[in-house]
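One structure below.
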There are 2 protein chains.
Amino acid sequence: MVFRKTAIKTYEFHIFDSKIMKRKVTLKHIAKELDVSISTVSKALRNSVEISEDTKEKVQAFAKLYNYKPNNIALSLKNRKTKTIGVIIPEIVHYFFSMVIRGIERIALERGYNVIVGLSNESFDKEVINMETLANGSIDGFILSISKETLFQQDYHHFNETINQGMPIVMFDRVINEIPCDKVIVDDLDGSKKAINKLVSNGCKNIALITTKDYVSVGRLRTQGYMEALSENGIAPNAELILKVDDKLEAENHLDVLEQSIEQLIRNNATIDGIYAVNELYAMTSMKVARKLGKNIPEDLQVIGFTDGVLSRHSSPTLTTLSQHGQQMGEKAAELLFDRLENEEENEIYQTIVINTELIERESTK
Amino acid sequence: MVFRKTAIKTYEFHIFDSKIMKRKVTLKHIAKELDVSISTVSKALRNSVEISEDTKEKVQAFAKLYNYKPNNIALSLKNRKTKTIGVIIPEIVHYFFSMVIRGIERIALERGYNVIVGLSNESFDKEVINMETLANGSIDGFILSISKETLFQQDYHHFNETINQGMPIVMFDRVINEIPCDKVIVDDLDGSKKAINKLVSNGCKNIALITTKDYVSVGRLRTQGYMEALSENGIAPNAELILKVDDKLEAENHLDVLEQSIEQLIRNNATIDGIYAVNELYAMTSMKVARKLGKNIPEDLQVIGFTDGVLSRHSSPTLTTLSQHGQQMGEKAAELLFDRLENEEENEIYQTIVINTELIERESTK
DNA sequence: ATTGACAACGCAAACGTTTTCGTGTTGAAA
DNA sequence: TTTCAACACGAAAACGTTTGCGTTGTCAAT
């Protein structure tokens, strides 16, 4: 086997494993073949001045020929960092969360990190298990959004323990203020106000709210924004117009229940001329039910949903929504985490970054 | 600090690091504190018979108190396996692919594996880079679906090299027959036939096809199924009725182009009474355009799409689709990979598993 | 001939495990 | 008292790196 390095030098290496190389080649292999020490090989590959030009060329040629790549695991052990982060999300078949992952992954690729994804499925136990299996050296830090069950039980010991062991966490969207970590959230409260203000200025007098139970932080904030915006516009909130859906039974598989609840809401309050829903699915379903009840959108009823997703863009009529900028949230979260990981002196000051929502006007509003 | 192990024994450990423990505790720490060797600690924790009951109890109590967990990286290095797999997909904000991930993750959790996700963004270069950064010891094997650009360029060297280095690959959905690895695919050809047969038996005489350019393997197969099914039903395929969309410009951001193409198709062929589209978006857009042109669905025009997603379920009318069972594909792919990884003697016989599509009838067909 | 400097390289430790093998201590059998 | 097994534990190698430092060898200067 002949390998030409330059026009000047020609190296001749005999294949050191007659069969096709299966296992990856290591420094040790190279050292043995070239009859030098492992240290010499390592230094030669890193272009150390300690090594002669001749040796460097020979080693580098050999390494290239056999496609040597340093073993990441060994490097991780030595450097005590893995260049890998863990991302725990409640659900992946979901426009917003997959957008966040896309954002995280983009920055990770850019900065040389890998991303391990764990799904909690909205379950406390799975969240804990996922975190425990990753926190034992596999990763350098976490990015996560808290599961509904965890929010409901209000048991946050696993977050605190992880942080106490020196592993940083960045939380996004569903966060807990008390936990000492960086956070990226959306302006749930202000976003809601934008939506309500829009509806009011479009002439709506009776605006209904379709939201979740209060233990989901984002649901609570969006509800609060609705209340405040109404007040600010001199409208007295009417409890009749607020539908709090129990999302223990995830809507996707219990559409009928959702539809019935909304139908009741609209039937019982014939004067409704605006609906604000805290997510895309609730908004879509509202439009569907309303049309069934003979209402024209947006003439009789205007609808706005939180979370801009694929449904909003492709429904008919298309849906006016508040965009959460999921990808941007992911990017920001990743940057916060990487910056913290690469900053030697640990900084006890944690940031909370607020990403502004944007009202995207489509056909469901005038 | 007092720790009660049983009613009989009481151990008293002094905190060996007066500050709150930051870095994770290792065998070495425990050994030093308890004044035994590292080997003894290791054996005691694994309940070796070599160690006396007394010592075992003491070590285990201490380990539990300080929440000792073995370092995964060190284990990976020693065992030469990481219990982690890499998953490379073209896109994550996508119903089908995120379903696959969900399936993979479910099995991975069950069998004690972690999942690193890499996105190719349909780009050849990113696919290669992602694979190279993972193939250096970070993972034990790959699950992947080939990017469009790679399919277009037909450059598969990175797959072959990875396999030659002894790292198994499982491909799903977009696969290449020539590559020696396990595969999980959907019955694209048969699925198409189901759809066409349905339309024909529902009375359609002029069925249009909206598909992609041929280099995407699944697109080609679905097109082929359309052709064959027509022939089998005694209908001569009509080139006029076939629209091959250039998906270099991803539809999501070029909806206008897509809509215009479809509008032309329908205008030029007034007799069209059925449309079969190779994905959900094409089908949805067809319905939208058709309605704009005054066609009633399903009375005047029936529509079936490949890939059952969130759009199909929530559009109005709801869309009849072929379900790809993405989650099941992910589960199967993961099982194939884990089985191969855990099988000592390497098996040169590769399987191709075909997941059957299922026709889900909704409102867009009679 | 003796020094000293410098170039070129190897040794060994370290990261945190597991595991094989060796060793010292006990107690009982001879 | 000697011998030997059983017991309980420790030393060291291995996984694949990087790096500080010690060790050679060569050659010019004294």
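Values reported hereafter were calculated over all heavy atoms of this structure, with side chains retained and with hydrogens, waters and symmetry mates removed. Labels below follow one simple rule: chain letters A, B, ... track the order of the sequence lines, proteins then strands, and each chain is numbered from 1.
Using a 4.0 Å heavy-atom criterion, one finds that A:Val49 contacts no nucleic acid atom at all.
Classified by interplanar angle (parallel below 30°, tilted 30° to 60°, perpendicular above 60°), the ring pair A:His157/A:Phe124 is tilted. Ring geometry for A:Tyr66 versus A:Phe62: interplanar angle of 30 to 60°, hence tilted.
In this structure, B:Lys56 atom NZ and D:dC7 atom P are separated by 12 Å, rounded to whole Å. Protein atom CD1 of A:Ile51 is 18 Å distant from nucleotide atom P of C:dC6, rounded to whole Å. A:Lys32 places its NZ atom 16 Å from the P atom of C:dG10, with the value rounded to the nearest Å.
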| remark: For nucleotides 16-21 of chain C, 5' to 3', base contacts (B), sugar-phosphate-only contacts (S) and non-contacts (-) with protein non-hydrogen atoms under 4.0 Å give BBBBBB
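The shortest heavy-atom contact between B:Ile107 and B:Ala334 is CB-CB, 3.8 Å. When all heavy atoms of B:His29 and B:Lys24 are compared, the closest pair comes out as CE1-O, 3.7 Å.
Within 6.0 Å of CG in A:Asp35 there are 12 or fewer heavy atoms belonging to other residues, nucleotides or ligands.
At the phosphate of D:dC9, OP1 or OP2 sits under 4.0 Å from a side-chain N or O atom of B:Thr55. The side chain of A:Ser76 contributes no N or O atom lying less than 4.0 Å from OP1 or OP2 of C:dC15.
For the pair B:Asp155 and B:Thr150, the minimum side-chain heavy-atom distance is 4.5 Å or more.
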